[in-house]
Number of protein chains: 2
Amino acid sequence: MQHRKLATIEDVAAIAGVSIATVSRAINEPTKVADETRRRVAEAVARTGYTTNAMARSLRMRRSNMILILAPDVGDPNFSNILVGLETEASKRGYGVLIGNTQNDPAREADYLRFINSNQADGLILLTGHLPYGIGAAGSAMRLPPMVAVNEPVSNSDVPFVGVDNFEGARIAAEHLIAQGHRRIAFIGHSTSKAVNKLREQGYRAALSGAGLAIDPLLILDGDGTTESGRAATEHMFVRDVLPTAFLCVNDATALGVIISLTARKYDLPRDFSVMGFDDISFASFVTPSLTTMKQPRHRIGEGAMDLLLALLAGETPANTEVLLRSELIVRNSVGAPRRA
Amino acid sequence: MQHRKLATIEDVAAIAGVSIATVSRAINEPTKVADETRRRVAEAVARTGYTTNAMARSLRMRRSNMILILAPDVGDPNFSNILVGLETEASKRGYGVLIGNTQNDPAREADYLRFINSNQADGLILLTGHLPYGIGAAGSAMRLPPMVAVNEPVSNSDVPFVGVDNFEGARIAAEHLIAQGHRRIAFIGHSTSKAVNKLREQGYRAALSGAGLAIDPLLILDGDGTTESGRAATEHMFVRDVLPTAFLCVNDATALGVIISLTARKYDLPRDFSVMGFDDISFASFVTPSLTTMKQPRHRIGEGAMDLLLALLAGETPANTEVLLRSELIVRNSVGAPRRA
DNA sequence: GTCGAGACTGTAAACCTTTACATCGATCAT
DNA sequence: ATGATCGATGTAAAGGTTTACAGTCTCGAC
């Protein structure tokens, strides 16, 4: 209860009747100390309730056993599950996890670098998709810590990346629709700037080509991944009167927009139209109809990224600088056979 | 790029032509050093890119400027937004945030205490609803760090608490239903063990009493806050054929179960029945009908809790040991006037 | 001219480890 | 008997700060 002084290694040494060096060794390299001595030290540790002071240790060893995680928004459910994976793996390996919520604010990003500069963190996990502001500047001559990008790769850089295989996932999704008998499949979420969107569109194209289906440019609509973009794209199709039998959406949020639009027009899903998402975000199972989608292995992504980072920290040079995990097809109720196949 | 040695305070001192003590003062207590000297130090700092080594500083000052957050599941969207608030406030005040995902595993909880014991964290935020395992034991004689409970109070303890005013929120919710003309209002989620449930039920009772409505025990059903419990309770009401015109649910998950049950029975909401939730979790706006509910000010809860903890750390003894924030009524489409009022 | 006060600055200790190097016996090969 | 080797331990330095205390200098009052 009282804030009384904690036991130090000297207290332990005194009780055990050995030097502090021996205590340190008994704790960190048990094999290097005689059995009897080790026993006495262990007892003294128990008696005093000694815990090694992490600050002193970090100061001396020049490493903190801490990892800094930079994310634009920790509250985003998409991230938070990755976070759990990251934390689980780090904790298992004796590392602590420090979080930095940047909100894409350059000032905050730069600020968090103080953890790196001041040795408070040994490595960096980037969920932001770019190097933190202030680290790129060559002038700053700042020392780059070991780091791994997750979820979104850092463009034109050699930062190792762990994420989902978007191309493959979108291909599987499109093939699922094709297997249901769909021939006119729209892709909602075309974008020239977002890497994720581009990869998923490529997967879509690959699946159609693989099935010998022509790609109709009129069925490929722009979208930035928001619910509103899904709604707008759907409305646009009705205006132009160019309709598919199935919508493959770049993500679940977009799919939700499509569903909202179709439901407002009194269509019965999936009888009239099939809709497919990507990500399996939390509400995917609660929408009506519940959303068939590709589930991202978020937990495993987190674990994998941390595993890679810790390998980097241990000085290893991993074989592949890009780890892609497979997403899983989750069949729910938003996809069915086309009405008039 | 290279892992070259970082500049120390000595380097700065040498360049500025002063002692290290002066450098330290120039940085930490600028008023205590002459203008000219301060200028020279500032220049030297800029030249070397010096950052003070947090480890050395923490070792010397016996505090780390870190806060440990213990949560059962960081991925839970209910928590993750609180987390953002906690982090925002901490960061603003120069503190870092360390996360510990306990999964309610006693072993993990105990393990995270190493951060406290080893001075790696100065304070503790508890989202778990109980003292970490291994801290309660009086035998361990462990020093209790300053801490604050969030979301769920720590039962029979004097740990300060920051959270939402459940009683008040539930009362407002019930009053909203009453204002719509409802007289037979069910409460789904009675529980003798969960403090949150009890408070919300009390708010419900207070509203009814305040409006001069009798409380019908048959309209108060058990529930543990899960979607399934909401579904089961609703089915149970149909079996007994005791029906309300509105369902006030202990939380959104329960409300979702109620909606699923009613929708399955082909009722039209909110024409046939009104349903109200509590929490405003992310999918509340995506369900059909979208859910009228009480929104928890999660971000502010997080900020408030961190603010309180930092006050504690600063040695202040805050007036009230319990901070209750008001929830906000979010009107959507699941509540309407009763059919035959 | 002396003294005191006040403004700056410097010296050195303390914070608690880890670890290179030295020491000391004991064992063993020669 | 000598020297080498080896295992176990101790000594002391180093890691980079903060800060109590002491010191120096200037200036004004007497």
Side-chain angles (χ1 to χ4, degrees), chain A residues 3-42 44-45 48-66 94 114-120 122, chain B residues 3-42 44-45 48-66 94 114-120 122:
Chain A
H3 197 86
R4 74 154 185 274
K5 244 178 105 206
L6 292 154
T8 77
I9 202 172
E10 292 207 54
D11 303 331
V12 175
I15 293 186
V18 296
S19 75
I20 61 170
T22 300
V23 173
S24 176
R25 275 188 291 256
I27 293 171
N28 302 312
E29 308 161 294
T31 63
K32 292 201 172 181
V33 52
D35 288 357
E36 165 59 11
T37 313
R38 186 171 44 219
R39 200 191 52 67
R40 288 217 313 279
V41 170
V45 166
T48 55
Y50 170 75
T51 327
T52 110
N53 180 315
M55 294 311 167
R57 157 180 270 220
S58 293
L59 174 58
R60 176 61 221 238
M61 302 189 67
R62 285 212 178 84
R63 54 203 227 92
S64 55
N65 277 26
M66 288 279 165
R114 73 173 196 274
F115 289 119
I116 300 292
N117 286 324
S118 67
N119 272 341
Q120 266 179 114
D122 302 335
Chain B
H3 196 86
R4 75 152 185 274
K5 244 178 105 204
L6 294 154
T8 77
I9 202 173
E10 292 207 51
D11 302 332
V12 176
I15 293 187
V18 296
S19 75
I20 62 170
T22 300
V23 173
S24 176
R25 275 189 292 255
I27 293 171
N28 302 313
E29 308 161 291
T31 62
K32 293 201 172 181
V33 51
D35 288 358
E36 165 60 12
T37 312
R38 186 172 44 218
R39 201 191 51 67
R40 288 217 312 279
V41 169
V45 166
T48 55
Y50 170 75
T51 327
T52 111
N53 181 316
M55 294 312 168
R57 156 179 270 221
S58 295
L59 174 59
R60 175 62 222 241
M61 301 190 67
R62 284 209 179 85
R63 53 203 227 96
S64 55
N65 277 27
M66 287 280 166
R114 74 175 196 273
F115 289 118
I116 300 291
N117 286 323
S118 67
N119 272 343
Q120 265 179 116
D122 301 335

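Treat the numbers as computed from the prediction; the structure is a model and nothing was measured. Numbers restart at 1 for each chain; the letters A, B, ... are given by sequence-line order, proteins then strands.
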Between atom [atom1] in [X] and atom [atom2] in [N], what is the gap in whole Å?
X	N	atom1	atom2	result
B:Arg25	D:dG16	CZ	P	21 Å
A:Ile9	D:dT11	CD1	P	14 Å
B:Leu6	D:dT17	CG	C1'	14 Å
A:Ile20	D:dT9	CD1	C1'	13 Å
A:Ile27	C:dC16	CD1	P	15 Å
A:Glu10	D:dA12	CD	C1'	12 Å
B:Arg63	D:dT17	CZ	P	17 Å
A:Asn119	D:dG16	CG	C1'	10 Å

What are the two closest non-hydrogen atoms of [X] and [Y], and how far apart are they?
X	Y	value
A:Asn119	B:Met55	O-CE, 3.2 Å
A:Ser64	A:Ser58	CA-OG, 3.5 Å
B:Val33	B:Arg38	O-NH1, 3.8 Å
B:Thr8	B:Tyr50	C-CE1, 3.5 Å

Residue-phosphate contact under 4.0 Å: [X] side-chain N/O, [N] OP1/OP2:
X	N	value
B:Thr37	C:dC8	no
A:Asn53	C:dC15	no
B:Thr22	C:dG10	yes

Side chain of [X] (C-beta onward), nearest among [options]:
X	options	answer
A:Ala56	C:dT17, D:dT9, C:dT9	C:dT17
A:Thr8	D:dT18, D:dT11, C:dC16	C:dC16
B:Tyr50	D:dT17, C:dT17, D:dG15	D:dT17
A:Met61	D:dT18, D:dG15, C:dT18	C:dT18
A:Arg60	D:dA13, C:dC16, D:dT19	D:dA13
B:Ala34	C:dC8, D:dT19, D:dT17	C:dC8
A:Val18	C:dT19, D:dG10, C:dT9	D:dG10
B:Leu59	C:dC16, D:dG10, C:dG10	C:dC16

Under 4.0 Å, counting only non-hydrogen atoms across every strand here, what does [X] touch: a base, just sugar-phosphate, or nothing?
X	value
A:Ser58	nothing
B:Ser24	base
B:Ala21	base

* Asked: Any N or O donor-acceptor pair linking the side chain of A:Arg57 to the base of D:dG15 at under 3.5 Å?
  ->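 Flag unset: no donor-acceptor pair detected.
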Check your understanding: Counting N and O atoms only, with roles assigned by atom type, does the side chain of A:Asp122 sit under 3.5 Å from a partner on the main chain of A:Asn65, one being a donor and the other an acceptor?
Key ->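 Checked: pair present.
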Going from NZ on A:Lys32 to OG1 on A:Thr22, what distance comes out if it is rounded to the nearest 0.5 angstrom?
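Those atoms lie 12.5 Å apart.
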